[in-house]
Amino acid sequence: MELFLFVVFSLITLVSAGAVVWHPHPVKSALFLIVSFFAMGGLYLLMQAEFIALMQVLVYAGAVMVLFLFVIMLLNLKPRGEDRSAFRKRLRWAVPLILVFVGAALTAVTSPLARLGPAAGQGAAWVESQGGNVRAVGRALFTRAFLPFEVTSIVLLVAVVGVIVLAKKERR
Amino acid sequence: MEPLSFPLLSTLVFLPLVGVLVLLFVDRENHAVQRWTALTVMSGGFVLALFVYAGFDPGTVAFQFEEKHTWIPGLGISYHVGIDGISLLLVMLTAFLGPICVLACWTDIRVRLKEFLVCLLFLQTGMLGVFVSLDLILFYIFWEVMLIPMALLILMWGHPARRIYAAVKFFLYTMAGSVLMLVGILVLYFYQARTTGTASFDWTTMAGLSLPFSLQLWLFLAFGLAFAIKVPMFPFHTWLPDAHTEAPTVGSVVLAAVLLKMGTYGFLRFNLPLFPDASVFFMPLMVALALVGIIYGAFMCLVQKDLKRLIAFSSVSHLGFVILGIFSFTVQGVQGGVLQMINHGLSTGALFLLVGMLYERRHTRMIADFGGLSTPVPTFTTFFMIATLASIGLPGLNGFVGEFLILLGTFHVKPVWAVLGATGVILAAWYMLWMVQRVFYGTVTHAENATLRDLVPREIGLLVPVVAMMVWIGVAPTSFLQKSEPAVQHVLKNVQESVRTAQGRSTPWMMACAAWEHLKGK
Amino acid sequence: MSALTVLYECQGIVPALILSATGVVILLLDAFSPLGRKGRLGAVAVTGTVFALGSLAVAPSGAEFFHGMVVWDRFSVFLSAVLMVGALLVFFLSFDPLRRSGLECGEYYALVLFATTGMILMVQAAHFIMLFLGLEIFSIAIYILVGMPRHEKRANEAALKYVLLGGFASGFLLYGLTFIYGATGSLSMSVMAAQLGKADAVFNSYLLFGSALVLAGFAFKLALVPFHLWTPDVYEGAPTPITAYMAVGVKAAVFGALVRTFWVALPTVHPHWAVFFWALAAVTMTVGNLMALAQESVKRMLAFSSIAHAGYLFVAVVADSKEGLTALLVYLLAYTVMNVGAFGVMVAVQNRQESGERLEDFRGLSSRSPFLAAFMALFLFSLAGIPPTAGFVGKFMVFSAAVQSGYTWLVIIAVINSVIAAYYYLRVVIMVYRPGEEAAAEDPASEAARLSAGERGALFGAGALTAVVGLWPNAFWDLARQAVHVLF
Amino acid sequence: MAVPVHYYIIVSALLFAVGVLGVLTRRNAIVIFMSIELMLNAGNLSFVAFSKALEGLDGQLFVFFVMVVAAAEVTVGLAIIVTLYRNWKTIFVDEVRLLKG
Amino acid sequence: METAWVIPALPFAGFLINGLWGRRLAKKFVGWIACGAMGLAFLSALRLFWILLQEAPSLRFWEPVYYTWIRVGDFHADVSFLIDPLSMVMILVVTGVGFLIHVYSVGYMHEDPGYARYFAYLNLFASAMLVLVMANNLLLMFVGWEGVGLCSYLLIGFWYEKRSASDAGKKAFIVNRIGDFGFLLGIFLTFWTFGSLNFREIFQAAVAGFSAGDAVLAGITLLLFVGAMGKSAQIPLYVWLPDAMEGPTPVSALIHAATMVTAGVYMVARCSVLYALAPFSMGFVAMIGCTTAVFAASIGLVQNDIKRVLAYSTVSQLGYMFLGCGVGAFVAGIFHLMTHAFFKALLFLGAGSVIHALSGEQDIQRMGGLRAKLPVTFATFLMGSLAIAGIFPFAGFFSKDEILFETLMSGHGVLYALALGGAALTAFYMFRLVFLTFFGESRLDPHAAHHVHEAPKTMAVPLMILAALSLTGGWIQLPGIEGGRVFGRFLEPVFHEATAILGHHGAAHPPLWLEGALMGVSVAVALAGIFAAYRWYIKDPQRPVRMAQRFSRAYRWLFHKYYVDELYQAAIVDPLKQAAETTHQWVDRRLIDGAVDGTGSVFRSLSGAVRRIQTGLVHHYALSVLAGACLLVLFVMAL
């Protein structure tokens, strides 16, 4: 069952990701991206990472994608389609390299030398004892990861300031 | 060696920088004050140098007037200066030419005089520093520092046509050579650190090392390339004619008189004492290059149309003699080489001064633009003649003593080298006298030349000391030779030792093998 | 975490706190200051940075804070100091151009402060989460700063290229981190190191694959060849002070992180890479120098030269020794001051005439402003590594360390490269000192008096440091040596 | 039966590759951005997978921060694209070529 | 004896005074200073001579040492003189004849604007020559050796505005340099062989350590002789001397007679011990000398320039001197040197007088019939010609005859015959000169003719004195008087070592009748030469023209001096210049400098190539990042 779900979610993820890359129209790419993100959320759920799955849907499929669509609409791009021959020309160089890269990655993953690090002892049982994944992660965010959590405020502040600076009206 | 209470050498080296500081506060337009400041500083330097000369004890091979302060202790770099007989003479030469250079540019430089003098003073510090440094890094720093003012002199006050090309060529070519020396210094340093456990860039500790032959070969090449370019030895000489031609008068004088000596000095100070076996090994090559340089330089002189270019090529030839002498590994040869450094500084310096004076009057240096100058400018002609004669080695003037000793020493090693070297003397007479003939003899062919002004008292005043020195060295060279003799003997000690032990090692095959061994050893 | 604990732990991030707080203060002040009076915001930024710099005087404990997220040791102190010196000089540089272009706003200073905060956090990071966050903070801030002149097409282009490629490279970095995480079971550097201490742990394909991608991510930020192609375009399009900031700040921070990653977290991995590092260093400096050779834009030339300098810096990494890392730190300091100095002169030239980027704009600078010309010569000669300047000291130490580790041939390549480099620096010097229009010659002293406060601060500051590091490097060497000590 | 960890990793590698492919081939800056998001997500996926396999939460924590950062980056990136569009009237990266050489 | 230094110092002081301030001094003072310096030097030399004579013959040498000139390692050379009979003879000749030439110059150069310069050079010349002859070591000798070379350069090119003059000066210096090159090498070899350059030490060491025929000694002597060939104008380095007449005529007199050219002969005589130990070199010297004597004489036959004829005669006479030295008759060589100094000075000064009278005309084809107009000149010139032709009892007869005699006695029959033939030629060309100049119809330019005037007293008096010396100079070697051969006995202490080594037959004098008979032969040959000249140039003036036409090829060869100058020009000078030009263009500019600049352009073009990867396209940049990552990953995977 789990494997089945894994295959389904994975296929949806990868196929719609491929569609994002392949589809000439940006709006449709964006829509495919949403599909891909949702499917990925499913994969997260499969791995009992509920918190991340939630965030995935909220942040990515929600906020980020709205932003994408918003900008696409804002710019109101004329339907100048992609020049497919140029696209194919770029493929000529990109594909072999990517294949090399994927090959290397697959080798790394399947290699007998691939060994996982030691378990941290925070398995399902432990998570359960903490009151579930969401609670466990939340607790960690306010203890161990307190500093990065606070630092994200700077990240967001920078982003906010940046958008204001870049997009605000002319003074003159 | 008891430490001297007064840091005479440091004062001597950095006095020009004090002059630079003073100059910074002088009004831009106030040329007179600028000139006098520079002259005072340079003369002060010469006076200090005289004190050094007077206090120098020729009876010892140890370095004198030593000063040593830690500078970058973490890296084993110290501020260590001191002189022996060889550097004494070169320091004297440099200090002696300082005031003369200032006098020489008295009226020549009209634009940006202040900057010019600043460059000149910087240059003086750099050159003196090179000759007194006993720390390899200190030496390297002075060596490189000097490039900048010299390049600026060529660039800003040179002759418009090709000065940029010449300045860049000078700068890059010399730098290309010296960076490899830096690598060599580092390798030497770490070899020392590995083998002795203590590490320092101090010359005196380096000199105590006995390096493996293969390492010596590489280091000799690394140091030697830097020096060979500076000298310049054939075939690394092509920057010299360009630099000389484009440089302002004083630039040429300093370049010829002192800068080139840094190369030959380097061979004496570093290559021979530190890499004696490699020196012996490379001796045939060096001698061959020196001989080619002597003859080739002379040949090139025959076809030059520009006075400065001609004198520049004659420098190639003359410095070939110096190298020949140094690599004869005989006392006579090396002493001759040392003396010839001074001689070349005086005679070629004087020639450049004179050509500069001519240029100031006529704004051309082409031989074809002159002819018959003897009539309008007899005093000038006389001085030029004396400098020419000194340059071609007339007995009684300085050049002869140097060349004679060099050839004498060389003859001992291999007569045929001396024979080839001596042909340079014949050729020198040919090209120099031919040049003199074309410039000074015959009838005045260009109307502008007929009304040329003869030398003014200032010019005579600056030439007379130079001529006096030429005569002094020509007539009584012993007073100078005896200062450097102990140092030269000391330098030769190691080399002569390896000459004795290195019989039959000098084949290209051996060289390749040794070099390969070294690479494999890494 | 209780408030007291948090306060206690905050002693580990004092400079970052001061800097970010200053940034926030500036944003607030900006909102309340009238249009014409934005100039004082710069003063606030400078003050804050000076305070942060002053806070470094407190001896670092070497302890980890916030559950091993950051570490406050001499290494962080040294690099933080370098970063803040760079930021300070950039502030000075920015006053005039901002006023001129009407970009004057609090956000600019705040973003630089935030970026510096990010950099400092990155070099302090003892945990990859912090490292990643620091990296992203300054990256995002710089994306914005690059694009700030919104009406300039070139700035738009630069920002776009930077943000796209930066994201792309972040992807690689992140992806690499996941594998390292998989192989070691932790993202904390000390835990990783302990885990990798076990025999043979290094031959783990996850680990190797991951570390390769992490290195690629760093290499992108450091502009090592072949990850460097964005650099010249972005540097050229960005406002000049930001270019200076990017060139020096990012390098210092990323080198710091790189050193922490490979010496603290993965100490057993990088020795296997010696050959690759070697090649990377050699190719980087050679390509950088070759590309710089034929540039007609000084700004672009300096961009390529920064690639070459990354190569020289990487030689220190190749050396893989205490001496090498010491040299790396000293070189970073030297590079920061001299490079900001060179850009500073360019800014000053831009302040005086329409453009100051092309080689042609520097023609005869020595007669127009001998003072600027002298500074330009100083910085360029320093970049070229001519003694007795900071650049020479840095190069010397780096080469020395490499020779000590037996990389003599690499050093030979490096010195040959520095000759090539000397050529293009010299081209600028020649342009500057080229005699030409003598008419407007003026006295350096009076010219110096007419420099604006910002120019004076930046040029004198950078010039003095260039000279001081060049002439008395020992103190800096000692500090760097102690800083590196904590890594071994 | 539980799905082995490296299945997830393989999926993430493929996803990463698809993202890379997008960056390398598309000329629309926004789509390139989307592809970058795919790459980041691939990283997230493998983080979570490792996190599960290692029975630790560090990976998930990291993913959280990546999401924040990604969101911030997207925001800024899109702002940059908007300003670019104002001046250039295009968001096709191969038409934005003032700087080169 | 310590005061011997004043002899060279006096003219040197004169040089300094006239050289530094001469232009501002009155001409009268200049002349006085120069002549005074030389006169005082001559007086000092006489005094020295007198003191020398007081010593016993075997003790007649002094070596005053003044200071160490050069000292390096085990090498040292002193400034120190060697006063012995040989150098004494030379000192007297140099100062005496030199003084006369100075006096003569006062008149001759009176109109010249470079008057002071001229006298300065002249004094310097004398000074250098004195250093040369007085030196007690080879190196100091070399100083004088080069010094006279320099002065000849300055004086020959004195009229520097004339192209030919400056050319000749340069040629003199350079050809001399070639000789000096050999001399210098000889010095080196000497030092490394004997460890010293001091004459007496060398000779002692040579006698003690080497047997006759040693190759090293042959090397030394041959190298030194190369120097002599240059200085004393022997084949193949004689070419400068005929051109040397471009200088003012008194200068020619000085160069050709008293100084400079005799240096080589003096040097060979000075090193007689070494030469005696090197038979091969001796033979070489004799052969070169003899060949030169005949060769130069043959050229002299057809030259039309009065000074040029004299110049070739000098070359020829120097050949005789070397012949003498080469056969071991050093005394004869020196003796001929001395008498030659008298009559050649006389001849040149006489020629100068003629030229002076004719306002610069030098072509004897355009002279003639001057006997009446220039009686003093004619008389003295004739005496000089008789002397050089070797007519009894003129000085030349004794010296030349002694050389011929010794040549035959030492068994060199062929050389004797050649030398005898040379003597005939000498008589012929000298009297050709006399006849064409002073006899026959005047072929002068009409308007030059009435300017002709006899020389002033300053010129005439030296001529007369020299004429007297040319007559009497040979008598001091007369066998009969005062125990006979005074000159030879005076020099004996110098040469006795060499003589001893050679085992010379001179010890046993040949029968007087043989000597007498040979004398007769010589005189007869000379008279035959004179008679032939008479027949050709007085009796039948058209004959030379006919002969020239009949043997036109031979005539042309002779007239063009065997084309030696042209040969040197075409075989050495031009190829060298051409080679230099080619090397400069191709090797220096294109190859070496091309390599330097080429390095630069290689980097620049590389730069251009590398720049092309900077396309400005995000795709390419990203691709490159990916490629880099792939490389990294592959590298890692390969681990």
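All heavy atoms count here, side chains included; hydrogens, waters and symmetry mates do not. As the structure is a computational prediction, the values presented were derived from the model and not from experiment. A, B, ... follow the sequence lines: proteins, then strands. Residue 1 opens every chain.
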| Largest heavy-atom contact set with chain C, pairs under 4.5 Å, which of Ala151(B), Ala222(B), Ala176(B), Gly74(B) | Gly74(B)
| Who among Ile148(B), Ile164(B), Leu152(B) has the most heavy-atom pairs with chain C under 4.5 Å? | Ile148(B)
| said: Under 6.0 Å between ring centres: does that hold for Tyr140(B) and Phe399(C)? | reply: no
| query | Which of parallel (below 30°), tilted (30 to 60°) and perpendicular (above 60°) describes Phe223(B) and Phe270(B)? | reply | tilted
| Would Tyr425(C) and Ser305(C) count as having a side-chain donor-acceptor pair, cut-off 3.5 Å? | yes
| Contacting region of Leu147(B) [heavy-atom separation from chain C under 4.5 Å] | neither
| task | Please flag which part of Leu182(B) lies under 4.5 Å from any non-hydrogen atom of chain C: side chain, backbone, both or neither. | result | side chain
| Which of the residues Asp478(C), Val411(C), Ile412(C), Ile386(C) is involved in the greatest number of heavy-atom pairs with chain B at under 4.5 angstrom? | Ile386(C)
| query | Which word best sums up how the rings of Phe460(C) and Phe375(C) line up, parallel for under 30°, tilted for 30 to 60°, or perpendicular for over 60°? | reply | perpendicular
| message | Does either side chain, that of Tyr312(C) or that of Asn289(C), offer a donor lying less than 3.5 Å from an acceptor on the other one? | response | yes
| residues 124-136 of chain B: residues contacting chain C (heavy atom under 4.5 Å, by number) | none
| field | Ala384(C) portion near chain B, given a 4.5 angstrom heavy-atom threshold | value | backbone
| field | Ile185(B) portion near chain C, given a 4.5 angstrom heavy-atom threshold | value | neither
| Thr205(B) versus Gln192(B), side-chain donor and acceptor atoms under 3.5 Å | yes
| message | Is Pro160(B) in contact with chain C via its backbone, its side chain, both, or neither, using a 4.5 Å heavy-atom distance? | response | neither
Cut-off 3.5 Å, no hydrogens considered: what does the side-chain donor-acceptor table look like for residues 469-476 of chain C, sequence neighbours left out?
none

| request: Go through Ala402(C), Ala414(C), Ser400(C) and name the one with the most non-hydrogen pairs under 4.5 angstrom from chain B. | output: Ser400(C)
| message | What I want to check is whether the side chains of Ser321(C) and Gln404(C) have a donor and an acceptor closer together than 3.5 Å. | response | no
| query | Between Ser178(B) and Glu144(B), do the side chains contain an N or O donor and an N or O acceptor separated by less than 3.5 Å? | reply | yes
| Taking the six-membered ring for Trp, are Phe227(B) and Phe139(B) parallel (under 30°), tilted (30 to 60°) or perpendicular (over 60°)? | perpendicular
